[in-house]
Amino acid sequence: MTIPSLAEIEEKLSHENLDDWLKLWAIEQGPAKPAALALMAAVVPGAPDAGLRVLDLCCGPGDASRAIQARFPGATVDGVDRDTFLASLCKAVNRRRGIPGRVLVRNLEQDDWLADFAGPYDVVVVTNALHWFQLARVKALLDQVWSALRPGGLFLFMEPVSPDPALAAGYAAWHATQPPQHQWQDWLNFWTRINTLLGYDHIAQLGPRDNDRLGDSLTALNWVNLAKAAGFAPIDILLRDPEKLVAAAFRPAAGS
């Protein structure tokens with residue numbers, strides 16, 4: 001099995017319809033995500049001409065940070081992801097749209113992942129990614145996000161959640177009546193197309209899932225408390241739907 005280099009992946013994408021890839025990603029992510037991203041972008045403070053600096057953590061194709069950049073056309077957007085294909089797709093789309101910034105492949109399990117990024121940032125955003133890590137690593141990442149933000153900077157995050165155990169039975173019964181936000185076939189279609197383009201099993205190359213990862217084990221308040229323990233304040237829950245939490249947390253301004 002020959003794994004293509006980053007340059008080879010970028011060359012392959014140069015012959016692809018990027019909009020088709022973004023459509024496939026949007027389908028894979030589910031119908032509820034666009035509204036959540038619009039909400040996250042809407043709460044970012046500042047005038048539309050503000051030259052914000054944004055860091056998209058575990059950026060994937062970059063849909064979260066581009067939602068913010070659409071409100072702030074002068075924003076500089078950096079992205080980081082361990083997945084070579086997703087980072088390359090993000091880089092290609094941002095380049096085509098003339099969005100300044102860097103997209104780098106880095107492993108967020110390593111403490112030096114932030115070394116090549118020039119903070120501080122006005123906004124750090126992460127969507128559906130922190131739950132792939134173990135709890136201790138999430139705590140470390142939240143500390144690093146706090147350090148990467150300027151005083152008064154904003155951290156936006158979206159993660160899957162579960163109800164409090166005391167409410168779990170009734171919640172599960174209600175949840176079963178709700179339309180699903182994700183379909184297995186949509187996930188398979190996206191990732192199978194990646195395998196076809198790259199010529200190897202890209203999914204397998206990412207390695208097995210960590211059984212100790214957080215998954216959807218935390219409640220909304222658990223996530224709020226993790227952010228609070230990292231020093232964020234104030235913190236607000238923007239959205240809690242059947243599957244996920246969307247929250248905003250500020251690094252306190254200097255002197256506060």
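Side chains are part of it too, since the values below use all heavy atoms of this structure and drop only hydrogens, waters and symmetry mates.
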Novice: Sorted by first residue and then second, give each salt bridge (charged side-chain N to carboxylate O under 4.0 Å, His left out) pair with at least one member in residues 51-74; sequence neighbours left out.
Specialist: Lys33-Asp63, Arg53-Asp78
Novice: Locate the shortest heavy-atom distance separating His202 from Trp191; write the atom from each residue and the value.
Specialist: CD2-CZ3, 3.8 Å
Novice: Establish, yes or no, whether a centroid distance under 6.0 Å links the rings of His131 and Phe133.
Specialist: no
Novice: Which atom pair, heavy atoms only, marks the closest approach of Val103 to Ala87?
Specialist: CG1-O, 3.4 Å
Novice: Checking Asp143 now: which residues fulfil salt bridge (charged side-chain N to carboxylate O under 4.0 Å, His left out) with it, not counting sequence neighbours?
Specialist: none
Novice: Who are the salt bridge (charged side-chain N to carboxylate O under 4.0 Å, His left out) partners of Asp241, not counting sequence neighbours?
Specialist: Lys244
Novice: Restricting to salt bridge (charged side-chain N to carboxylate O under 4.0 Å, His left out), what partner residues turn up for Arg193, sequence neighbours left out?
Specialist: Glu16
Novice: Can Asn222 and Thr219 be counted as having a side-chain donor-acceptor contact under 3.5 angstrom?
Specialist: yes
Novice: For Phe157, check ring pair (Phe, Tyr, Trp, His ring centres under 6.0 Å) against everything at least two apart and list the hits.
Specialist: Phe155
Novice: Is a salt bridge present between Arg96 and Asp19, judged by a nitrogen-to-oxygen distance below 4.0 Å?
Specialist: yes
Novice: Search all heavy atoms of Pro163 against all heavy atoms of Ala168 and return the closest pair with its distance.
Specialist: CG-CA, 3.9 Å
Novice: Does CH2 belonging to Trp25 count more than 12 external heavy atoms closer than 6.0 Å?
Specialist: yes
Novice: Could you tell me which residues satisfy side chain to side chain donor-acceptor pair (under 3.5 Å) with Gln69, sequence neighbours excluded, listed by chain and number?
Specialist: none
